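Everything on this sheet refers to the single structure shown next.
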Amino acid sequence: MDKKTVVEQTEKYYLPVFGRYDMVLDHGQGCKIYDNEGNEYIDAFAGIAVNSLGYNHPVLVKAVAEQAAKIMHCSNLYYTEIQAKAVRLVAEATGMDRVFFANCGAEGNEGAMKLARKYGVSKSPTKYKIISADESFHGRTFDTLAATGHDYYHVGYGPLSPGHVLVPYADIKALEAVMDEDVCAVLLEPIQGEGGVHVPSDEYLQQVRTLCDKYDALLIFDEVQTGVARTGKWFAYMHSGVKPDVITFAKGIGGGFPVAGFAVPERLAHVFKPGDHGGTFGGNPLACAAVYATLATIRSENLVDKVAEKGAYFMEELLKLQAKYPAKVKDVRGRGLILGVEVAGEGKPVVESCLANHVVVNCTAGNVIRLVPPLIISKEEIDTIVAALDKALAAL
Ligand SMILES: *Cc1c(COP(=O)(O)O)cnc(C)c1O
């Protein structure tokens, strides 16, 4: 099909919920993607922080292809070797003991909140409140929507699920004011992704931990975007030394395959009794092959350390841009390979200018250029991305 036909046919049949770029992607290789007219782009977006190993990583491709030929799905009523292997690697990477697999970030967060509710209500019938933060993003199902702190996503869906309380992010006083014995969980992103790459202080996270301990509330870190080496540690919580009670993961963990879930320490392993939670597809053999190949490759290629190093380099280069365009760049922030450049005014022209120069970046929260490239990005590719941003800023 030519580009026009693809666009028209999609627009005719797909629900019009996405604002799409006028590009038809055909294939990828490393950190580059190609449209169906043969144009090459360097990708600093990775399909929303998903393609951790870039495109077509041979280990991941082989693992998924071989597993597809063997057995794709068999339900969780049986054991498979690949699930045994994957679940162990996830437990080790998260620093937790027990893992549950789901299919997307929202579903991982739903499961984590259900576990927290069960934990709370088993102690007291009124211990069901879940606190989350303004400008957070936790998903689009009814409950994750209620936990998501952005009015934009709420409009038209009321009444929202009850039992959710929102407070300003990185504001310990605000959290303290709503904490009581009826709180079963505090759900936070250790770095807010969609909200504009906001990095809270370690001190804040430590204080949140203390409050959760005081009121016996579970601390859930939504690491859907920050997990799986993205920040230069296996999971973002490892920077602060604040260990949550529940970690949720998704985006990068399957290297592009849709798979997600949550992990807990042994003491929470039996909050759910058999039958209390489940899913038909979660952790099926194909998903587990993707998870195993992705995590094993991050390990064997030492990507955690490389992300820390490349992220530091990327940050330095972005700070140089800020120094060059002090009136246009309001802030540069992030950690590892989740970086945000807050520009004065709209971010859209920057994204479009980069695209015209064959570099894919994203804008979130209106004016924050979000850079979440594949974890395997090279310094040369970072230089190309920075050069495109430089041009875009010059033209603003
Ligand atoms: C993307 C995202 C989600 C939702 O994940 P889906 O796979 O789209 O359901 C939840 N939390 C965070 C922090 C995210 O970045």
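All heavy atoms count here, side chains included; hydrogens, waters and symmetry mates do not. Atoms within each ligand, like the ligands themselves, are counted from 1 in listed order. Here the structure is a predicted model, which is why all the values come from computation and not from measurement.
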Option of least heavy-atom distance to atom 11 (N) of ligand 1 (set: Leu188, Asp222, Val372): Asp222
Would you mind listing which atoms of ligand 1 come within a distance below 4.0 Å of any non-hydrogen atom of [X]?
X      : answer
Cys104 : 7 (O), 9 (O)
Glu189 : 13 (C)
Asn109 : 10 (C), 11 (N)
Gln225 : 15 (O)

Any nitrogen or oxygen of Phe137, side chain or backbone, less than 3.5 Å from one on ligand 1?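 Such a contact does occur with ligand 1.
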Are any of the N/O atoms on Glu107, whether in the backbone or the side chain, positioned under 3.5 angstrom from an N/O atom of ligand 1? no
With a 6.0 Å cut-off on ring centres, are His198 and Tyr169 close enough?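 Centroid distance His198-Tyr169: not below 6.0 Å, so no.
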Heavy atoms only, cut-off 4.0 Å: how does [X] contact ligand 1, side chain, backbone, both, or neither?
X      : result
Lys251 : side chain
Ile48  : neither
Ala106 : both
His138 : backbone

Nearest protein heavy atom under 4.0 Å from atom 8 (O) of ligand 1, yes or no: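 Under 4.0 Å from atom 8 (O) of ligand 1, zero protein heavy atoms found.
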Show, in sequence, the C-alpha distance, side-chain angles and deciding distance for Tyr55 and His27, and conclude whether the ring pair (Phe, Tyr, Trp, His ring centres under 6.0 Å) test is met. CA-CA 8 Å; Tyr55 299 85; His27 65 281; 9.6 Å; no
Residues Lys3, Asp22: salt bridge by 4.0 Å N-O rule: yes
With under 30° as parallel and over 60° as perpendicular, where do the rings of [X] and [Y] fit, or are they tilted in between?
X      : Y      : answer
His358 : Tyr41  : parallel
Tyr14  : Phe18  : tilted
His277 : Phe100 : tilted

Starting at CD1 of Ile71, measure out to CD of Glu81 and round the result to the nearest 0.5 Å.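 Rounded to the nearest 0.5 Å, the CD1-CD separation comes out at 12.5 Å.
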Asp143 side chain to His164 side chain, donor-acceptor N/O pair below 3.5 angstrom: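 There is such a pair between these side chains.
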What protein heavy atom is closest to atom 6 (P) of ligand 1, reported as residue, atom name and distance in Å?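 Of the protein heavy atoms, Gly105 N, 3.4 Å lies nearest.
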Donor-acceptor pair, side chain of Asn56 and main chain of Gly28, under 3.5 angstrom: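 It does hold such a pair.
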